[in-house]
Amino acid sequence: VVDHINSSFARGAIILGTELDEKDVEHFLKVQIPLVFIDLLCTHMPYDFVDMNNDSSVYNLVSHLSTMGHKKIGIVSGSVDTSNFCMRKKAFRKSLELLGLPFDEKFVFTVDSTYENAYHDMLNILSKKPELPTALLCVNDVIAVGCMRALKESGYRIPEDVSVAGFDDLPMTSMLEPPLTTVKVSKKKISMTAVSLLFRRMKDGSRMPYEKIMVGGEVVERASVKNLEEEL
(Lines give C-alpha, C1' and ligand atoms only; values in the text may rest on other atoms or scores of the structure.)
Protein backbone atom coordinates (compact mmCIF):
# COMPACT_ATOMS: atom_id res chain seq x y z
CA VAL A 1 0.00 0.00 0.00
CA VAL A 2 2.80 2.41 0.93
CA ASP A 3 4.60 1.85 -2.37
CA HIS A 4 1.35 2.30 -4.28
CA ILE A 5 0.66 5.64 -2.55
CA ASN A 6 4.20 6.90 -3.13
CA SER A 7 4.11 5.94 -6.81
CA SER A 8 0.75 7.62 -7.38
CA PHE A 9 0.23 11.22 -8.44
CA ALA A 10 -1.86 11.98 -5.35
CA ARG A 11 -0.99 15.05 -3.30
CA GLY A 12 -2.75 13.72 -0.23
CA ALA A 13 -4.87 10.77 0.90
CA ILE A 14 -7.59 9.87 3.39
CA ILE A 15 -7.11 6.41 4.89
CA LEU A 16 -10.04 4.37 6.22
CA GLY A 17 -8.55 2.90 9.39
CA THR A 18 -11.40 0.69 10.62
CA GLU A 19 -9.32 -2.49 10.75
CA LEU A 20 -5.99 -0.82 11.56
CA ASP A 21 -4.11 -0.42 14.83
CA GLU A 22 -1.14 1.71 15.83
CA LYS A 23 1.38 -0.85 14.53
CA ASP A 24 -0.31 -0.75 11.12
CA VAL A 25 -0.22 3.04 11.08
CA GLU A 26 3.55 2.98 11.65
CA HIS A 27 3.98 1.54 8.16
CA PHE A 28 2.53 4.76 6.71
CA LEU A 29 5.42 6.79 8.13
CA LYS A 30 7.24 6.04 4.87
CA VAL A 31 4.50 7.74 2.84
CA GLN A 32 5.66 11.02 1.32
CA ILE A 33 2.33 12.85 1.08
CA PRO A 34 -0.06 14.19 3.76
CA LEU A 35 -2.48 11.63 5.22
CA VAL A 36 -5.62 11.87 7.31
CA PHE A 37 -7.05 8.75 9.00
CA ILE A 38 -10.75 8.26 9.62
CA ASP A 39 -12.55 5.71 11.82
CA LEU A 40 -9.38 5.37 13.88
CA LEU A 41 -7.63 7.30 16.63
CA CYS A 42 -3.96 6.84 17.54
CA THR A 43 -3.08 9.60 19.96
CA HIS A 44 0.71 9.27 19.62
CA MET A 45 1.03 9.08 15.84
CA PRO A 46 2.06 12.16 13.81
CA TYR A 47 -1.08 12.29 11.69
CA ASP A 48 -4.50 13.87 11.73
CA PHE A 49 -7.30 11.55 12.85
CA VAL A 50 -11.08 11.92 12.69
CA ASP A 51 -13.04 9.28 14.55
CA MET A 52 -16.38 8.78 16.23
CA ASN A 53 -16.42 9.43 19.95
CA ASN A 54 -17.05 5.90 21.17
CA ASP A 55 -16.95 6.90 24.84
CA SER A 56 -19.71 9.50 24.71
CA SER A 57 -21.75 7.53 22.16
CA VAL A 58 -21.78 4.36 24.26
CA TYR A 59 -22.53 6.39 27.37
CA ASN A 60 -25.52 7.99 25.61
CA LEU A 61 -26.86 4.54 24.68
CA VAL A 62 -26.34 2.99 28.12
CA SER A 63 -27.90 6.08 29.69
CA HIS A 64 -30.90 5.70 27.37
CA LEU A 65 -31.32 2.05 28.39
CA SER A 66 -31.08 3.05 32.04
CA THR A 67 -33.70 5.76 31.54
CA MET A 68 -35.96 3.10 30.04
CA GLY A 69 -35.69 1.18 33.31
CA HIS A 70 -32.99 -1.36 32.43
CA LYS A 71 -30.66 -2.15 35.33
CA LYS A 72 -29.26 -5.45 34.03
CA ILE A 73 -27.52 -4.56 30.76
CA GLY A 74 -25.22 -6.90 28.85
CA ILE A 75 -22.92 -6.47 25.89
CA VAL A 76 -22.32 -8.54 22.76
CA SER A 77 -18.89 -7.90 21.26
CA GLY A 78 -17.01 -9.22 18.25
CA SER A 79 -14.42 -11.97 18.45
CA VAL A 80 -11.93 -9.82 16.51
CA ASP A 81 -10.83 -6.89 18.66
CA THR A 82 -10.86 -3.93 16.29
CA SER A 83 -10.00 -0.59 17.87
CA ASN A 84 -13.65 0.49 17.82
CA PHE A 85 -14.85 -2.74 19.46
CA CYS A 86 -12.21 -2.43 22.19
CA MET A 87 -13.13 1.19 22.88
CA ARG A 88 -16.85 0.39 22.98
CA LYS A 89 -16.32 -2.46 25.45
CA LYS A 90 -14.26 -0.24 27.74
CA ALA A 91 -16.79 2.57 27.38
CA PHE A 92 -19.62 0.18 28.22
CA ARG A 93 -18.07 -0.82 31.51
CA LYS A 94 -17.16 2.78 32.38
CA SER A 95 -20.69 3.95 31.50
CA LEU A 96 -22.24 1.40 33.84
CA GLU A 97 -19.93 2.61 36.60
CA LEU A 98 -20.80 6.28 36.00
CA LEU A 99 -24.52 5.50 36.01
CA GLY A 100 -24.29 3.38 39.16
CA LEU A 101 -25.28 0.18 37.35
CA PRO A 102 -23.72 -3.24 38.00
CA PHE A 103 -21.30 -4.90 35.59
CA ASP A 104 -21.77 -8.67 35.44
CA GLU A 105 -19.31 -10.86 33.54
CA LYS A 106 -22.02 -13.42 32.80
CA PHE A 107 -23.76 -10.80 30.67
CA VAL A 108 -20.72 -10.39 28.39
CA PHE A 109 -21.07 -12.39 25.17
CA THR A 110 -18.71 -12.75 22.22
CA VAL A 111 -19.69 -13.61 18.65
CA ASP A 112 -18.16 -13.29 15.20
CA SER A 113 -18.53 -9.87 13.58
CA THR A 114 -20.15 -11.14 10.35
CA TYR A 115 -23.93 -11.47 10.18
CA GLU A 116 -24.15 -15.20 9.49
CA ASN A 117 -21.51 -16.19 12.01
CA ALA A 118 -22.87 -13.82 14.66
CA TYR A 119 -26.24 -15.50 14.18
CA HIS A 120 -24.78 -19.01 14.51
CA ASP A 121 -22.57 -18.05 17.46
CA MET A 122 -25.51 -16.54 19.34
CA LEU A 123 -27.64 -19.61 18.55
CA ASN A 124 -24.92 -21.71 20.17
CA ILE A 125 -24.80 -19.43 23.21
CA LEU A 126 -28.58 -19.52 23.62
CA SER A 127 -28.68 -23.31 23.29
CA LYS A 128 -26.95 -23.45 26.68
CA LYS A 129 -29.88 -21.54 28.24
CA PRO A 130 -27.82 -18.74 29.80
CA GLU A 131 -29.30 -16.12 32.08
CA LEU A 132 -29.90 -13.00 29.99
CA PRO A 133 -30.05 -9.36 31.04
CA THR A 134 -33.10 -7.25 30.25
CA ALA A 135 -31.13 -5.44 27.52
CA LEU A 136 -28.23 -6.34 25.23
CA LEU A 137 -25.97 -3.68 23.75
CA CYS A 138 -24.30 -4.96 20.58
CA VAL A 139 -21.07 -3.28 19.48
CA ASN A 140 -22.38 -2.80 15.95
CA ASP A 141 -25.57 -3.23 13.94
CA VAL A 142 -24.39 -6.26 11.97
CA ILE A 143 -23.85 -8.20 15.18
CA ALA A 144 -27.17 -6.90 16.53
CA VAL A 145 -29.10 -8.13 13.49
CA GLY A 146 -27.51 -11.59 13.71
CA CYS A 147 -28.27 -11.78 17.43
CA MET A 148 -31.87 -10.66 16.92
CA ARG A 149 -32.42 -13.47 14.43
CA ALA A 150 -30.92 -16.02 16.84
CA LEU A 151 -32.97 -14.72 19.77
CA LYS A 152 -36.23 -14.92 17.85
CA GLU A 153 -35.49 -18.40 16.52
CA SER A 154 -34.68 -19.48 20.09
CA GLY A 155 -38.10 -18.37 21.29
CA TYR A 156 -37.26 -14.96 22.76
CA ARG A 157 -39.51 -12.01 22.01
CA ILE A 158 -37.90 -8.65 21.25
CA PRO A 159 -38.33 -6.43 23.19
CA GLU A 160 -40.78 -8.19 25.55
CA ASP A 161 -38.23 -10.77 26.78
CA VAL A 162 -35.00 -8.96 25.97
CA SER A 163 -34.26 -5.56 24.47
CA VAL A 164 -31.54 -5.19 21.84
CA ALA A 165 -29.57 -2.11 20.77
CA GLY A 166 -26.88 -1.67 18.13
CA PHE A 167 -24.35 0.86 16.93
CA ASP A 168 -23.88 2.58 13.52
CA ASP A 169 -27.48 3.13 12.31
CA LEU A 170 -27.09 1.12 9.11
CA PRO A 171 -29.95 1.63 6.60
CA MET A 172 -31.40 -1.85 7.23
CA THR A 173 -31.91 -1.22 10.94
CA SER A 174 -35.08 0.83 10.45
CA MET A 175 -36.63 -2.00 8.38
CA LEU A 176 -36.13 -4.81 10.89
CA GLU A 177 -38.93 -6.35 12.92
CA PRO A 178 -38.82 -4.73 15.38
CA PRO A 179 -36.82 -1.72 14.14
CA LEU A 180 -33.47 -1.50 15.94
CA THR A 181 -32.53 1.13 18.51
CA THR A 182 -28.99 2.19 17.64
CA VAL A 183 -26.42 4.99 17.69
CA LYS A 184 -25.95 7.29 14.73
CA VAL A 185 -22.65 9.05 14.14
CA SER A 186 -22.67 11.45 11.20
CA LYS A 187 -20.46 9.93 8.51
CA LYS A 188 -20.94 13.12 6.51
CA LYS A 189 -19.48 15.20 9.33
CA ILE A 190 -16.54 12.81 9.73
CA SER A 191 -15.77 12.82 5.99
CA MET A 192 -16.14 16.60 5.60
CA THR A 193 -13.90 17.19 8.61
CA ALA A 194 -11.28 14.82 7.17
CA VAL A 195 -11.34 16.50 3.75
CA SER A 196 -11.00 19.94 5.35
CA LEU A 197 -8.05 18.76 7.43
CA LEU A 198 -6.35 17.20 4.42
CA PHE A 199 -6.67 20.38 2.31
CA ARG A 200 -5.23 22.44 5.15
CA ARG A 201 -2.43 19.92 5.64
CA MET A 202 -1.60 19.97 1.91
CA LYS A 203 -1.49 23.78 1.98
CA ASP A 204 0.33 24.45 5.26
CA GLY A 205 2.25 21.19 5.69
CA SER A 206 4.29 20.68 8.81
CA ARG A 207 3.43 24.10 10.27
CA MET A 208 0.05 22.74 11.40
CA PRO A 209 -0.22 20.90 14.71
CA TYR A 210 -1.70 17.45 14.29
CA GLU A 211 -5.35 17.18 15.23
CA LYS A 212 -7.28 14.29 16.79
CA ILE A 213 -10.98 15.00 16.32
CA MET A 214 -13.83 12.92 17.76
CA VAL A 215 -17.41 13.23 16.51
CA GLY A 216 -20.18 12.34 18.96
CA GLY A 217 -23.16 10.08 18.26
CA GLU A 218 -26.86 10.30 19.07
CA VAL A 219 -29.27 7.54 20.08
CA VAL A 220 -31.88 6.63 17.46
CA GLU A 221 -34.77 5.32 19.52
CA ARG A 222 -36.81 2.52 17.94
CA ALA A 223 -39.01 -0.39 19.02
CA SER A 224 -36.32 -2.97 19.90
CA VAL A 225 -35.97 -1.53 23.42
CA LYS A 226 -38.78 -1.95 25.93
CA ASN A 227 -39.65 0.82 28.36
CA LEU A 228 -39.69 -1.01 31.68
CA GLU A 229 -40.67 2.20 33.47
CA GLU A 230 -44.14 1.93 31.94
CA GLU A 231 -44.72 -1.28 33.90
CA LEU A 232 -44.13 0.40 37.26
Side-chain angles (χ1 to χ4, degrees), residues 54-82 84-170 173 176-183 217 219-232:
N54 284 289
D55 289 351
S56 69
S57 299
V58 170
Y59 177 84
N60 289 344
L61 184 52
V62 175
S63 179
H64 170 70
L65 295 174
S66 176
T67 300
M68 298 285 275
H70 294 274
K71 306 306 177 190
K72 292 183 178 180
I73 304 172
I75 186 169
V76 184
S77 188
S79 54
V80 177
D81 279 330
T82 66
N84 278 328
F85 287 179
C86 288
M87 284 188 281
R88 288 170 197 173
K89 285 193 293 183
K90 290 179 182 177
F92 170 74
R93 189 161 186 167
K94 182 64 175 179
S95 298
L96 291 178
E97 178 186 330
L98 291 172
L99 292 164
L101 298 174
F103 172 82
D104 196 325
E105 196 70 46
K106 69 173 177 285
F107 294 149
V108 176
F109 305 98
T110 302
V111 299
D112 190 82
S113 56
T114 63
Y115 165 70
E116 280 293 336
N117 288 339
Y119 157 67
H120 287 295
D121 287 348
M122 182 53 76
L123 270 184
N124 184 53
I125 290 169
L126 296 173
S127 70
K128 299 177 174 63
K129 304 297 182 183
E131 180 184 348
L132 293 179
T134 61
L136 284 170
L137 186 158
C138 301
V139 293
N140 71 9
D141 288 342
V142 174
I143 287 174
V145 175
C147 289
M148 287 176 69
R149 179 183 169 192
L151 284 162
K152 288 191 283 188
E153 289 188 11
S154 299
Y156 294 91
R157 298 169 302 163
I158 303 170
E160 291 83 2
D161 298 324
V162 59
S163 294
V164 179
F167 200 109
D168 287 333
D169 193 33
L170 297 180
T173 56
L176 297 172
E177 183 53 47
L180 179 67
T181 291
T182 185
V183 173
V219 176
V220 181
E221 185 177 355
R222 299 195 181 106
S224 67
V225 172
K226 184 177 182 179
N227 189 346
L228 299 180
E229 291 291 325
E230 294 178 347
E231 298 179 348
L232 300 178

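- Within the structure, salt bridge (charged side-chain N to carboxylate O under 4.0 Å, His left out) pairs that include any residue of residues 55-66 do not occur (at least two apart or interchain).
- A distance of 9.0 Å separates OG1 in Thr110 from CD1 in Ile75, rounded to the nearest 0.5 Å.
- Lys152 and Glu177 make their closest contact through NZ-O, 2.5 Å (heavy atoms, listed as atom of the first residue, atom of the second, distance).
- Between Leu176 atom CG and Ser224 atom OG the span is 8.5 Å, to the nearest 0.5 Å.
- Taking the side chain as every heavy atom from C-beta outward, Ser113 and Val142 never approach each other to under 4.5 Å.
- Taking the side chain as every heavy atom from C-beta outward, Pro178 and Met148 approach each other to under 4.5 Å.
- At a threshold of 4.5 Å between non-hydrogen side-chain atoms, the residues Phe85 and Val80 do not count as touching.
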Only distances under 3.5 Å count here; give the side-chain donor-acceptor pairs of residues 89-96 to other protein atoms, sequence neighbours excluded, each with its distance to 0.1 Å.
unit_1, atom_1, unit_2, atom_2, d
Lys89, NZ, Asp81, OD1, 3.0
Ser95, OG, Ala91, O, 2.6

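- For Thr181, there are no side-chain hydrogen bond (donor to acceptor under 3.5 Å, both in side chains) partners two or more places apart in sequence or in a different chain.
- Pairing each heavy atom of Pro133 with each of Gly74, the nearest pair is CG-N, 3.5 Å.
- Here Glu131 pairs with Lys72, Lys106, Phe107 under the side-chain contact (heavy atoms from CB on, under 4.5 Å) rule; sequence neighbours left out.
- Here Asn84 contributes atom CG and Asn140 contributes atom CG; the two are 9.5 Å apart, rounded to the nearest 0.5 Å.
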**Study point:** Full working for side chain to side chain contact (heavy atoms under 4.5 Å, CB included) between Val183 and Asn60
**Key:** CA-CA 9 Å; Val183 173; Asn60 289 344; over 6 Å; no
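- Side-chain contact between Ile143 and Phe109 is absent, with no heavy-atom pair separated by less than 4.5 Å.
- Of all heavy-atom pairs spanning Leu180 and Ala144, the tightest one is CD2-CB, 3.8 Å.
- Contacts of Thr134 classified as side-chain hydrogen bond (donor to acceptor under 3.5 Å, both in side chains), with partners at least two apart in sequence or in another chain: His70.
- Every residue meeting the side-chain hydrogen bond (donor to acceptor under 3.5 Å, both in side chains) condition with Asp161, not counting sequence neighbours, appears here in chain and number order: Arg157.
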Just list the side-chain donor-acceptor pairs under 3.5 Å for residues 162-169, sequence neighbours left out, or say none.
unit_1, atom_1, unit_2, atom_2, d
Ser163, OG, Lys226, N, 2.8
Asp169, OD1, Thr173, OG1, 3.4
Asp169, OD1, Arg222, NH1, 3.4
Asp169, OD1, Arg222, NH2, 2.9

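- For Ser66, the side-chain contact (heavy atoms from CB on, under 4.5 Å) partners are Lys71, Leu101, not counting sequence neighbours.
- Rounding to the nearest 0.5 Å places CG of Asn227 at 9.5 Å from OG1 of Thr67.
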Cut-off 3.5 Å, no hydrogens considered: what does the side-chain donor-acceptor table look like for residues 119-126, sequence neighbours left out?
unit_1, atom_1, unit_2, atom_2, d
Tyr119, OH, Glu153, OE1, 2.6
Tyr119, OH, Glu153, OE2, 3.4
Asp121, OD2, Asp112, N, 2.8
Asn124, OD1, Lys128, NZ, 3.3

